[in-house]
Undergrad: 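Structure below; questions to follow.
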Amino acid sequence: MERAFALKLMELALRKGADEAEVYAKRSKSLGIEVKGQKIDTLESSTTVGYCIRVIKAKRLGFSYSTDPDEMDRVAEAAVEAAEYTEPDESLGLPSHGKPSEVAIFDTAISSLPEQDAIDRVMLIEKTAFDEDRRIRRVRKAAGYFGASDTYIVNSKGVDIHYASTGCSAQITVIAEEDGESQMGWDYEGSRFLQDLSFERVGRKGARRALQLLGAKKITPLRGFVLLDNSIASEFLGIFATAISSESVQKKKSMLAGKKGAQVASAGINIIDSGLLAGRLGSKPVDDEGVPTSSKVLIERGVLNGYLYNTYTARKDGVSSTGNAVRGGAAGLPLVGPTNLYCEPAGPEYLSDFSSLLKTIDRGLYVIETMGMHTANPISGEFSVGASGLWIEKGEIAYPVKEAVISGNILDLFKNISKVGDDLRFYGNIGSSSLLIEGVDISG
């Protein structure tokens, strides 16, 4: 599937009566591998092609998609016909041409990686975990993903985009066992560049996370310090990603609705969305409508500056798209979502290395695993999640903790951040450093 195909489909829809037309097409090649016991457990290699067309006719929306290039005429006809049966909407419209952003997102080391080399790298994740300690008894999942794709976006208002991208990831879930007790550990890395991933490091960190929880105890309830590991901080930030979407705000399904210009987090943090970070999985030159991506400080020193927009939600609010249209694939219309969303300290006075963060804590919990994060409410902000981690006494790790619960409101949680670690790490397209938070309810 090439640019000529996309242009032909767009022109076909216009001839059939569409006022505006947009084609989104993607060809992807991927390799997914899971290993168990140093043998291949799953190997899935695929090449997929998908395309869709969105049309606007008399301010009515039509949409159709297919995976078969030979169905071009039917797809164009179906989209234009569908527009006859939808309600008029004055906010409908396609974006105009803009200059694509420049960002490094393609790696020939991934696109040309031999299958056996990929398998060997995934094998290494599992081997490294077992080699870390004899108490690592089982690996539940050691997996790697390698992919490359070509994306085409054209529309009748001058957008004419093609870009190539790659991506790879490594993850592991391991079980450590000792004296009849078992604990689970997990780790993940992902990038658009192969050289950024250390398959050994993923195996080692997954093993160490499980090992450090062996011998865990319950704790008595208290209100105190919580230090969120960067992986857990990223999970909480993922809930912010939902709340900061203009789509959620317009539907009154966001805890940040009506709070633009208000203090919604600690003055010690900034929350940024950027599609311009080299090698990050959310980076790309344009969003999924062809609008150039950019970097936006959404929350600055705790104050909410604005929301994420695609073209439709921006037109509803009378503003410009922020370049945050996202699609789950060619079978769906563009929604709103982050590119790379991350948290950083608002100034050097809020930045701390990890050992200094620990020394700040008189009594508190370093959280390295949570359960039930999906139950957090992005509308009210209320949450109550299970937590495992390490108990801190007078700045030192005392013992591992199990079956704790941390609860509260996410906005209060982010307002009470006092320090930000120097260990920024991305999990997919959401990233955070470790966060030190005061006054959190911790129960046993």
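From a predicted model like this one, the values you see are computed outputs, not experimental measurements. Values below: every heavy atom of this structure, side chains too, minus hydrogens, waters and symmetry copies.
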Undergrad: With respect to E177, which candidate in Q183, R134, R138 satisfies the side chain to side chain donor-acceptor pair (under 3.5 Å) definition?
TA: R138
Undergrad: Is the closest side-chain heavy-atom distance between F130 and V139 below 4.5 Å?
TA: yes
Undergrad: Determine yes or no for a side-chain-to-main-chain donor-acceptor pair under 3.5 angstrom, with S248 supplying the side chain and T242 the backbone.
TA: yes
Undergrad: When you measure from the side chain of E403 to the backbone N and O of G386, does any donor-acceptor pair fall under 3.5 Å?
TA: no
Undergrad: Look at atom CD of Q116 and say whether more than 12 heavy atoms of other residues, nucleotides or ligands are closer to it than 6.0 Å.
TA: yes
Undergrad: Do the two ring centres, one from F414 and one from F240, sit under 6.0 Å apart?
TA: yes
Undergrad: Within the structure provided, determine whether L228 and V367 are in side-chain contact (heavy-atom separation under 4.5 Å).
TA: yes
Undergrad: Below 4.0 angstrom, N of the basic side chain to O of the carboxylate: do D150 and R27 qualify?
TA: no
Undergrad: In Å and rounded to the nearest 0.5 Å, what is the CG to CZ distance from D422 to F354?
TA: 10.0 Å
Undergrad: Could you tell me whether the side chain of R301 reaches within less than 4.5 Å of the side chain of N270, counting heavy atoms only?
TA: yes
Undergrad: Between V291 and P95, which heavy-atom pair has the shortest distance, and what is it?
TA: CG2-CB, 3.6 Å
Undergrad: How far does OG of S384 sit from CG of N409, to the nearest 0.5 angstrom?
TA: 12.5 Å
Undergrad: Measure from the side-chain N and O atoms of T86 to the backbone N and O of L61, and report whether any donor-acceptor pair falls under 3.5 Å.
TA: yes
Undergrad: Show the nearest heavy-atom pair for residues I406 and V440, with the distance to one decimal.
TA: CB-CG1, 4.3 Å
Undergrad: Does the gap between the ring centers of Y24 and F63 come in under 6.0 Å?
TA: no
Undergrad: Taking the side chain from E189 and the backbone from S198, do they hold a donor-acceptor pair closer than 3.5 Å?
TA: yes
Undergrad: With a 4.0 Å cut-off, would you call R327 and E22 a salt bridge?
TA: yes
Undergrad: Hey, does V226 have a side-chain heavy atom less than 4.5 Å from the side chain of L413?
TA: no
Undergrad: Taking it one step at a time, do R140 and I175 satisfy side chain to side chain contact (heavy atoms under 4.5 Å, CB included)?
TA: CA-CA 7 Å; R140 184 174 293 176; I175 308 294; 3.7 Å; yes
Undergrad: Write down the atom of S295, the atom of L276, and the distance for their closest heavy-atom approach.
TA: N-CD1, 4.0 Å
Undergrad: Do Y427 and Q171 touch side chain to side chain, with heavy atoms closer than 4.5 Å?
TA: no
Undergrad: When you look at OH of Y65, are more than 12 heavy atoms from neighbouring residues, nucleotides or ligands closer to it than 6.0 Å?
TA: no
Undergrad: Using 4.0 Å as the upper bound for N to carboxylate O, is an ion pair formed by K26 and D288?
TA: no
Undergrad: So how far is it from S418 OG to F225 CZ, rounded to the nearest 0.5 Å?
TA: 5.5 Å
Undergrad: Answer yes or no: is there a side-chain heavy-atom contact under 4.5 Å between T322 and L298?
TA: no
Undergrad: Determine the minimum heavy-atom distance between F146 and C168, stating which atoms define it.
TA: CD2-CB, 4.0 Å
Undergrad: Using the side chain to side chain contact (heavy atoms under 4.5 Å, CB included) rule, take L365 and W391 through it: C-alpha gap first, then chi angles, then the decisive distance, then the call.
TA: CA-CA 5 Å; L365 181 64; W391 186 249; 4.2 Å; yes
Undergrad: If I compare all heavy atoms of D107 with all of Q195, which pair ends up nearest, and what's the gap?
TA: OD2-N, 4.4 Å
Undergrad: To the nearest 0.5 Å, tell me how far E178 CD sits from I136 CD1.
TA: 10.5 Å
Undergrad: Can you label the angle between the Y51 ring and the F5 ring as parallel, tilted or perpendicular, going by 30° and 60°?
TA: perpendicular
Undergrad: Under 3.5 Å, side chain of E126 to main-chain N/O of G203, donor-acceptor pair present?
TA: no
Undergrad: Would you compute the distance between atom CD of E34 and atom CD1 of I119 and round it to the nearest 0.5 angstrom?
TA: 13.0 Å
Undergrad: Does the pair T339 and D273 meet the rule for a side-chain hydrogen bond (donor to acceptor under 3.5 Å, both in side chains), with working shown?
TA: CA-CA 6 Å; T339 51; D273 180 76; 2.9 Å; yes
Undergrad: Might you work through the side-chain hydrogen bond (donor to acceptor under 3.5 Å, both in side chains) test for Y307 and D317, ending with a clear yes or no?
TA: CA-CA 11 Å; Y307 307 107; D317 278 1; over 6 Å; no
Undergrad: I'd like to know if E132 pairs up with R208 as an ion pair, taking the criterion as any Lys NZ or Arg NE/NH1/NH2 lying under 4.0 Å from an Asp or Glu carboxylate oxygen.
TA: yes
Undergrad: Report yes or no: do S283 and N340 form a side-chain donor-acceptor pair below 3.5 Å?
TA: yes
Undergrad: Has E349 got a side-chain atom pairing as donor or acceptor with L351's backbone, closer than 3.5 angstrom?
TA: no
Undergrad: Does a side chain donor of either D68 or S66 reach within less than 3.5 Å of an acceptor in the other side chain?
TA: no
Undergrad: Establish, from distance only, whether the side-chain atoms of S432 and S234 form a donor-acceptor pair under 3.5 Å.
TA: no
Undergrad: Relative to each other, are the rings of F236 and F383 parallel, tilted or perpendicular (30° and 60° limits)?
TA: perpendicular
Undergrad: Give a yes or no answer on whether the side chain of S191 reaches the backbone of G279 with a donor-acceptor pair at less than 3.5 Å.
TA: yes
Undergrad: Hey, is the main chain of G421 close enough, under 3.5 Å, to the side chain of S433 for a donor-acceptor pair?
TA: yes
Undergrad: Give, for atom NZ of K394 and atom NZ of K359, the distance between the pair rounded to the nearest 0.5 Å.
TA: 15.0 Å
Undergrad: Would you say N305's side chain and I299's backbone share a donor-acceptor pair under 3.5 angstrom?
TA: no
Undergrad: Under the salt bridge (charged side-chain N to carboxylate O under 4.0 Å, His left out) rule, what do R425 and D187 come out as? Steps first, then yes or no, please.
TA: CA-CA 12 Å; R425 190 174 176 196; D187 198 47; 3.0 Å; yes
Undergrad: Can you find a side-chain donor-acceptor pair between Y366 and D229 that sits under 3.5 Å?
TA: yes
Undergrad: Walk me through it: do M373 and E235 pass the test side chain to side chain contact (heavy atoms under 4.5 Å, CB included)?
TA: CA-CA 7 Å; M373 189 69 78; E235 288 189 68; 3.5 Å; yes
Undergrad: Any non-hydrogen side-chain atom of V249 less than 4.5 Å from a side-chain atom of K260?
TA: no
Undergrad: Would you say that more than 12 heavy atoms from the other residues, nucleotides or ligands in this model lie under 6.0 Å from the CD of E396, or not?
TA: no
Undergrad: Check whether any side-chain heavy atom of Y145 sits under 4.5 Å from a side-chain heavy atom of S30, and report yes or no.
TA: yes
Undergrad: Start with the C-alpha distance between L222 and I442, add both sets of side-chain angles, then the distance that settles side chain to side chain contact (heavy atoms under 4.5 Å, CB included), and finish with yes or no.
TA: CA-CA 5 Å; L222 80 157; I442 312 168; 4.1 Å; yes
Undergrad: Any donor-acceptor pair under 3.5 Å linking the side chain of R192 with the backbone of R280?
TA: yes
Undergrad: Between T293 and V286, what is the shortest heavy-atom contact and its length?
TA: CG2-C, 3.6 Å
Undergrad: Quick one about T313 and N310 (side-chain donor to acceptor, distance below 3.5 Å, no hydrogens or angles considered), yes or no?
TA: yes
